[in-house]
Amino acid sequence: MSKQTVIVETPRRRWYTVIALSSAALVDSMEGFGLEILWPHIYRSLGLLMSQLAPLLSIGKVINTITTPLWGFIADRYSRRTILIFMTGIWGLWTALTGFVQAFWQLLAIRVCSSLGLAVLYPAALSIISDLFNREERGRAIGVMSAAGFAGSMVSTVVLSTLAVANPEAWRYGFMLVGLLSFITGVMLIFIKEPVRGSMEPEIADVVTSQNALKFEFKKLPILMHVPTWWVLMVDEIVDDPQPQVGQRA
């Protein structure tokens, strides 16, 4: 009996989706690095200590570490498009509110709120990309998005630093700008299409539909924990996250 060949239909407008996700990655990176880039201006403006940057950065990293697996679980069960629109786009307005803070506790509270949305992008976005591109093209699409994320740190260094030197309070405009850009990426994400899970896998493409699409089952989590690569990637994500150093005032 001859082996049947399954032809996988290429999703429409998939590179628009990559561009929208890449834009979100760039802005999220700007958002993640904005605090440490602008801190030399912030702590003078608010009368804070240089050392108070440490708890602000630490709380953000703790929240990201805790929520990343949670967002991955949610993205496997619910609409990834909807999650990204609200938690990557609209949620970024918390960053814009940073421009209005007047005290350390306000800065800490907003940092906590904004960090809740920073971890959602990659679990949901990589899941979408895997359902838009086949195995031969997936790496290229992920590479474009990752490059945009790395570029965000460079863009934020140039743009935010340039804005901040205008006057002692100009650092506030930097946060407002990043928050606005985050909202704009949320609008871009409205126009992406939610792909059917598993639709780009040739082995199951002919049987997978939006009704029986692959979903993560919580009861199978113990099986995942027996995969050594999963633990390696988790540890790497926690420890291999270098942060730019903020110079001490002379």
Side-chain angles (χ1 to χ4, degrees), residues 3-30 32 64 68-89 92 117-155 181-182 184-217 220 223-224 227 229-230 232-234 236-237 240:
K3 186 176 180 181
Q4 184 178 4
T5 301
V6 177
I7 300 176
V8 180
E9 183 179 354
T10 301
R12 298 173 58 187
R13 302 176 67 242
R14 57 182 184 163
W15 279 106
Y16 170 81
T17 299
V18 173
I19 292 172
L21 294 174
S22 299
S23 300
L26 187 147
V27 175
D28 269 18
S29 181
M30 292 180 66
N64 288 343
T68 297
L70 177 61
W71 283 122
F73 171 74
I74 293 174
D76 280 338
R77 298 190 66 85
Y78 302 101
S79 170
R80 297 160 291 185
R81 172 179 169 272
T82 301
I83 294 170
L84 288 170
I85 291 171
F86 283 96
M87 299 307 300
T88 297
L118 282 177
V120 69
L121 177 63
Y122 278 90
L126 295 182
S127 177
I128 288 178
I129 288 176
S130 69
D131 291 328
L132 289 176
F133 294 86
N134 59 33
R135 297 168 187 173
E136 289 75 25
E137 300 174 299
R138 214 169 277 162
R140 180 172 48 178
I142 293 174
V144 171
M145 178 182 161
S146 299
F150 286 120
S153 60
M154 297 183 288
V155 172
L181 291 175
S182 182
I184 292 174
T185 62
V187 174
M188 293 177 63
L189 291 168
I190 292 175
F191 301 100
I192 71 174
K193 183 179 180 180
E194 177 86 14
V196 176
R197 300 176 193 270
S199 58
M200 292 303 292
E201 301 300 331
E203 295 82 359
I204 58 175
D206 58 334
V207 296
V208 170
T209 66
S210 58
Q211 285 72 38
N212 65 0
L214 302 177
K215 290 186 178 180
F216 175 81
E217 296 181 20
K220 294 182 179 178
I223 299 176
L224 178 64
V227 180
T229 305
W230 186 83
V232 172
L233 292 174
M234 173 171 275
D236 178 72
E237 182 67 23
D240 189 19

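Atom set for the values below is all heavy atoms of this structure, side chains included, hydrogens, waters and symmetry mates excluded. Note that the structure is predicted; figures quoted are calculated from it, not measured.
Side-chain N or O atoms of Arg13 include none that pairs as donor or acceptor with a backbone N or O of Lys193 at under 3.5 Å. For Arg77 (side chain) and Gly72 (main-chain N/O), no donor-acceptor pair under 3.5 Å exists by modelled atom type. Side-chain atoms of Ser153 come within 3.5 Å of backbone atoms of Phe150 as a donor-acceptor pair (strictly under, hydrogens ignored). Judged by distance alone, with hydrogens and angles left aside, the side-chain atoms of Tyr16 form a donor-acceptor pair with the main-chain N or O of Met188 at under 3.5 Å. With hydrogens and angles ignored, the 3.5 Å screen pairs a side-chain donor or acceptor of Ser182 with a backbone N or O of Gly89.
Taking all atoms of both residues into account, the shortest heavy-atom contact from Pro195 to Leu132 is CB-CD2, 3.8 Å. Here the closest heavy-atom approach between residue Ala24 and residue Thr88 is recorded as CB-CG2, 3.7 Å.
Contact check for Phe133 versus Val18: side-chain heavy atoms found under the 4.5 Å cut-off. Between Pro123 and Arg80, the closest side-chain pair of non-hydrogen atoms is not below 4.5 Å.
In this structure, OG1 in Thr82 is found 7.0 Å from CD in Glu194, a value given to the nearest 0.5 Å. To the nearest 0.5 angstrom, Leu84 atom CG is 12.0 Å from Ile190 atom CD1. Here the OG-CZ distance, from Ser127 to Arg197, works out to 5.0 Å after rounding to the nearest 0.5 Å. For the atom pair CG of Leu189 and CZ of Phe86, the computed distance is 11.5 Å after rounding to the nearest 0.5 Å. Residue Leu118 holds its CG atom at 9.5 Å from CE of Met87, rounded to the nearest 0.5 Å.
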Exercise answer: donor-acceptor pairs, residues 142-149 side-chain atoms, under 3.5 Å, sequence neighbours excluded:
residue: Ser146; atom: OG; partner: Ile142; partner atom: O; Å: 2.9

